[in-house]
Amino acid sequence: MSDLYAVMGNPINHSKSPQIHSAFAEQTGQDLIYSAILVPLEKFSDEANSFFRSGFGLNVTVPFKEDAWQYADTYSSRALRAGAVNTLIKKEDGSIHADNTDGIGMVRDITVNNGCDIAGKRVLVLGAGGAVRGILEPVLEEKPLEVVVANRTVSKAQRLAEDFSDIGTIVGCGFDQIEGQFDLIINGTSASLSGELPPIPESVIHQNTICYDMMYGAEPTIFNQWAASHNAALTLDGLGMLVEQAAESFTTWRGVRPDSAPVISSMRNSLVPAKA
Ligand code: NDP
């Protein structure tokens, strides 16, 4: 019988994880079935218990990443700090190990797929929600010169900076307190979802600045349109992050790393522009 994996979320119809993991399984010859499970709110642990009676590993998406963190027995270091996880694996003794692969997925997309160093760079991170908490340890482990976290609610940015200050140089501030230019700007706000831009000065961009929007779509995101219009050297979106976080989960589960490039490319081709 094939090994069982799944993604749990609510809603779940939009999830691209079954498509991505099926492509990885086919490519690497792994015998597995990966499905999408719609979980009623408040029912995460019941559904996870039921799944793990026969299942091997779970991905977890909105709104259950904190529930999954609570559910787990052991954690990777980055998952422990993130307080939210997207990957669960059942170990041989029956215990559940948790990982957060979003951040390492984004870092691999920037450094491996796009050949851009984070080491020694001045990095601006916009937003201080769950996604940003998940990326900070992997970003800081690349040894940037400095990370500035700017957020609408300033106290959340300051709190994040405090929580991660033992790994590297990191400060938190409001959008109006951003000073100087940055080599890498990561948009981790959900502003793009509503077609809005975080209010940051255009002077943050210099001729070699790379801009990364964790959101993605068939068209360039509003943040990346803004970045391109202010002459950013490169604009990247979160599709590569999505595929790479899946590749990281797959590698943890199966012990074999899939080639993400063809999957990113086919996912890109399958994105449909929104109707005007
Ligand atoms: P959260 O709801 O946890 O956080 C949202 C953040 O956006 C907060 O910092 C919030 O500020 C800020 N924000 C929201 N609206 C605005 C606005 N209009 N102007 C300025 N700031 C705003 O969301 P997540 O952290 O879970 O997700 C953030 C983004 O990352 C989403 O776009 C999501 O799609 C993307 N993402 C992409 C992934 C991928 O694989 N590509 C994986 C995970 C997330 P405040 O604190 O003041 O409310």
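In each ligand, atom 1 is the first atom listed, and ligand 1 is the first ligand listed. Residue numbers start at 1 and run along the sequence shown.
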Are the ring centres of Trp253 and Phe56 closer than 6.0 Å? no
Among all the protein's non-hydrogen atoms, which is closest to atom 3 (O) of ligand 1, and how far away is it? Gly130 N, 3.0 Å
Heavy-atom nearest neighbour in the protein, as seen from atom 34 (O) of ligand 1, with distance rounded to 0.1 Å: Met215 CG, 4.5 Å
Could you tell me whether Arg78 and Asp99 make a salt bridge, using a distance below 4.0 angstrom between a side-chain N and a carboxylate O? yes
Ion pair Asp73/Lys91, N-O distance below 4.0 Å: no
Basic-acidic side-chain contact under 4.0 Å: Asp237, Arg268: yes
So which heavy atom in the protein is nearest atom 19 (N) of ligand 1, and how far is it from that ligand atom? Ala191 CB, 3.8 Å
When only distance counts, is Glu196 in polar contact with ligand 1, meaning an N/O pair under 3.5 Å? yes
Looking at ligand 1, does any of its N/O atoms fall within less than 3.5 Å of an N/O of Ala131? yes
What I want to find out is whether Asp31 reaches Arg254 closely enough, with some N-O distance under 4.0 Å, to be called a salt bridge. no
Identify the heavy atoms of Pro258 and Phe24 that sit nearest to each other, and give their distance. CB-CD2, 3.4 Å
Taking N or O atoms only and a 3.5 Å limit, does Gln245 qualify as a polar contact for ligand 1? no
In ligand 1, which numbered atoms sit nearer than 4.0 Å to a non-hydrogen atom of Gly188? 28 (C), 29 (C)
Side chain, backbone, both or neither: which applies to Asn151 and ligand 1 if a contact is any heavy-atom pair less than 4.0 Å apart? side chain
Distance under 4.0 Å to a non-hydrogen atom of Gly129: what atoms of ligand 1 satisfy this? 3 (O), 4 (O), 9 (O), 25 (O)
Could you tell me whether Met214 and ligand 1 have an N or O pair separated by under 3.5 Å? yes
Which of the listed options, Met106, Lys156, Arg133, holds the heavy atom that is closest to atom 46 (O) of ligand 1? Lys156
Assess whether a salt bridge exists between Lys121 and Asp117, defined as any Lys/Arg side-chain N lying under 4.0 Å from an Asp/Glu carboxylate O. no
If you compare all heavy atoms of Ala36 against all heavy atoms of Ile12, which two are closest, and at what distance to 0.1 Å? CB-CG1, 3.9 Å
Using a 4.0 Å heavy-atom cut-off, which part of Arg152 comes near ligand 1: side chain, backbone, both, or neither? both
